Peer 1: 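Handing you a structure now.
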Amino acid sequence: MTGLAQAVVLVPNLPDEGVLGPENRSSIDPNVDYERFSGRVSDKDDDSRIFKVQVENNNTKFFRAGDQVLFKLNLKEGKEFCKGFVRSVEDFHFTIFVESLAPCYSSTEYFRRGTVLNFYSKNLSQRVFEASKYREQLILRKEDFLKQLNGINHFLWTFDQQKVKTASDYDEQINRLQREKRKALDDMISLKQERLVLQNELMRKLNELDESLSFYRVERQELMTDRWNSDHDLGIPVGQRPQEIKPQ
């Protein structure tokens, strides 16, 4: 009987998709060189001057038309860099125009689709840096909007309670004003009664003062002759009063 031997190969438990690097919260990782990346030529024109490049890292979406890229073929590291310029950008793809393949590829060989290129671009590093800073501003704006939205949501969720509380506060103020109104009216009525009593008392005292002033008035003494006595000294006969009744 032949024995069967089985070997167990220990391999790390890696995810089926994605990258193996640590999560950087979509910000710049100082340990990553964003100037260098690789891509595969997915399509090209007949003259091998325009290439459509597919990438696995979509940071190339930050390219702008006219940005310069340098590249070498993956298996020809001894060659110099070829120069290209970005023409258009899509998700996980970008198109470049190549001046010449002579520095990095032999003119006698056919350039095949699917060729892997190693890119170097300072423009991409700058674009990634700008995008990261702009994203930080967007995060701050989002946090501000979320804060405002939370305040609005809290108001809407507690609207009924706040409505009842507001109505209760105003009812309390209305009741307080009504109490103050009743008290003010009662005080005015009491003040009116006091003023009526004071009015009568003042009028009585004024009448008494008028009588006293009239009694204590001193008469004038300018007359030199007593008119009543002068009337009897004129020598004119004056009848007696009452006179006798004359017969008819």
Side-chain angles (χ1 to χ4, degrees), residues 9 11-149:
V9 179
V11 294
N13 185 16
L14 300 178
D16 296 333
E17 298 179 356
V19 296
L20 301 181
E23 173 62 34
N24 62 353
R25 298 186 181 273
S26 301
S27 299
I28 288 182
D29 187 346
N31 298 320
V32 175
D33 184 5
Y34 293 99
E35 296 178 352
R36 301 181 184 275
F37 63 97
S38 61
R40 185 183 299 273
V41 178
S42 60
D43 198 4
K44 69 181 185 67
D45 66 343
D46 295 336
D47 297 332
S48 297
R49 301 290 299 275
I50 299 176
F51 297 155
K52 186 172 185 179
V53 182
Q54 179 184 6
V55 294
E56 294 184 356
N57 190 314
N58 202 26
N59 283 337
T60 54
K61 64 186 177 182
F62 300 126
F63 270 136
R64 297 178 186 173
D67 286 346
Q68 177 180 290
V69 293
L70 304 177
F71 63 90
K72 289 182 179 181
L73 274 70
N74 192 26
L75 299 178
K76 297 182 181 296
E77 292 296 335
K79 293 284 187 177
E80 297 181 0
F81 280 104
C82 288
K83 183 185 297 183
F85 297 92
V86 176
R87 297 188 63 179
S88 62
V89 179
E90 305 172 25
D91 278 343
F92 295 98
H93 292 84
F94 67 97
T95 303
I96 60 174
F97 171 78
V98 180
E99 292 181 341
S100 174
L101 290 175
C104 60
Y105 197 73
S106 175
S107 59
T108 59
E109 299 181 25
Y110 178 73
F111 194 95
R112 301 180 181 276
R113 292 176 176 84
T115 302
V116 177
L117 303 179
N118 293 327
F119 288 91
Y120 172 78
S121 174
K122 289 186 176 181
N123 290 127
L124 180 61
S125 177
Q126 181 65 25
R127 298 282 184 261
V128 170
F129 175 78
E130 294 172 353
S132 177
K133 293 302 179 182
Y134 183 66
R135 189 174 187 277
E136 292 177 1
Q137 298 179 7
L138 294 178
I139 291 175
L140 293 177
R141 292 177 60 187
K142 180 180 179 181
E143 291 176 351
D144 182 58
F145 290 156
L146 286 175
K147 184 177 180 180
Q148 297 181 40
L149 181 61

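The structure presented is a predicted model; accordingly, all values stated were derived computationally and were not measured.
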Peer 1: Of Gln137, Lys142, Glu136, Glu143, which is the lone residue that meets side chain to side chain contact (heavy atoms under 4.5 Å, CB included) with Leu140?
Peer 2: Glu143
Peer 1: Might you point out which heavy atoms bring Ser121 and Phe63 nearest each other, and give the distance in Å?
Peer 2: OG-CE2, 3.6 Å
Peer 1: Could you report the tightest heavy-atom contact between Thr60 and Leu124, atom names first, then the distance?
Peer 2: CA-CD1, 4.2 Å
Peer 1: What closest approach, in Å, do Ser100 and Cys82 show between heavy atoms, and which atom pair accounts for it?
Peer 2: O-SG, 3.6 Å
Peer 1: What is the minimum heavy-atom distance between Ser125 and Glu35, and which atoms define it?
Peer 2: CB-CG, 3.3 Å
Peer 1: Using distance only, find each side-chain donor-acceptor pair of residues 87-94 under 3.5 Å and give its atom names and separation, not counting sequence neighbours.
Peer 2:
from	atom 1	to	atom 2	distance (Å)
Ser88	OG	Thr95	OG1	3.4
His93	ND1	Asp91	O	3.1

Peer 1: Just by distance, do the side chain of Asp45 and the backbone of Ile50 share a donor-acceptor pair under 3.5 Å?
Peer 2: yes
Peer 1: If we only count heavy atoms from C-beta on, is the Glu99 to Phe85 side-chain gap below 4.5 Å?
Peer 2: yes
Peer 1: Name all pairs fulfilling the ring-ring contact (aromatic ring centres under 6.0 Å, His included) condition that reach into residues 120-139, sequence neighbours left out, sorted by first residue then second.
Peer 2: none
Peer 1: As a quick check of understanding, evaluate ring pair (Phe, Tyr, Trp, His ring centres under 6.0 Å) for Phe37 and Phe119, giving each step before the final call.
Peer 2: CA-CA 5 Å; Phe37 63 97; Phe119 288 91; 5.0 Å; yes
Peer 1: State the NZ-CG distance between Lys72 and Asn118, to the nearest 0.5 angstrom.
Peer 2: 9.0 Å
Peer 1: Of all the heavy-atom pairs spanning Phe71 and Gly84, show the shortest one and how long it is.
Peer 2: CE2-N, 4.4 Å
Peer 1: Give a yes/no verdict on a cation-pi contact between Lys44 and Phe51, requiring under 6.0 Å between NZ or CZ and the six-membered ring centre and an angle within 45° of the axis.
Peer 2: no
